[in-house]
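One structure is given here, and the rest of the page talks about it.
Predicted model only: the values in this text are computed from it and were never measured.
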Amino acid sequence: PQLLGRRFRDYGRNLFNSGGAGYVLSRGALSAYAKHKDDAVCMPSLKTPTEDVQIAKCLKNTVGIEPEDTRDSEGRERFHPFAPGHMLTIKPPAQGQPR
């Protein structure tokens, strides 16, 4: 099972894939989510606009699926959460710093 997209960390340092860039769940990950979405650990009654964070937490806490790094061999992102103009002005992290 795979969870693919542009990875970020939330304030609790949990990895999730940006909903703004879009994300992809393999059939296995989607089946796992469907099976566990009503489990208490997935907080099914939580009302939040951060479904991307919640799906990632649910998959990690129930079946151990975490977002995978989808960058190419040169470290370039394949999923882009920001508008093209913003991408021209964003400063990437220094070498050795977390992305």
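- For the pair Q54/L46, a side-chain contact is recorded, criterion being any heavy-atom separation below 4.5 Å from C-beta on.
- We find the OG-CD distance between S18 and E77 to be 10.0 Å, quoted to the nearest 0.5 Å.
- Between atom CG of residue L15 and atom CD of residue E68 there is a gap of 11.5 Å, rounded to the nearest 0.5 Å.
- Looking at heavy atoms from C-beta onward, L3 lies out of side-chain contact with E66 at the 4.5 angstrom threshold.
- With sequence neighbours excluded, the residues forming a side-chain contact (heavy atoms from CB on, under 4.5 Å) with N61 are V41, K57, listed by chain and number.
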Side-chain donor-acceptor pairs of residues 27-37 under 3.5 Å, sequence neighbours excluded:
from: S31; atom 1: OG; to: R27; atom 2: O; distance (Å): 3.0
from: H36; atom 1: ND1; to: D39; atom 2: OD2; distance (Å): 2.7

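- Side-chain contact check for Y23 versus D52: some heavy-atom pair is nearer than 4.5 Å.
- Here the CG atom belonging to L59 is positioned 7.5 Å from the SG atom belonging to C42, to the nearest 0.5 angstrom.
- Legend: residues meeting salt bridge (Lys or Arg N to Asp or Glu O under 4.0 Å) with D72, ordered by chain and number and at least two apart, are R76.
- For R71 (side chain) and G75 (main-chain N/O), no donor-acceptor pair under 3.5 Å exists by modelled atom type.
- To the nearest 0.5 Å, atoms SG (C58) and CD1 (I65) are separated by 9.5 Å.
- Not a single donor-acceptor pair under 3.5 Å links the side chain of T50 to the backbone N or O of V53.
- Taking CD from E51 and CZ from F16, the interatomic distance works out to 10.0 Å, rounded to the nearest 0.5 Å.
- In this structure, F79 and T70 approach most closely via the heavy-atom pair CD1-OG1, 3.6 Å.
- Between the R9 side chain and the N14 main chain, no donor and acceptor come within less than 3.5 Å of each other.
- Using a 4.5 Å heavy-atom threshold, the side chains of Q2 and L25 count as separate.
- Both tests hold for R6 against F8: distance to the six-membered ring centre under 6.0 Å, angle to the ring axis within 45°.
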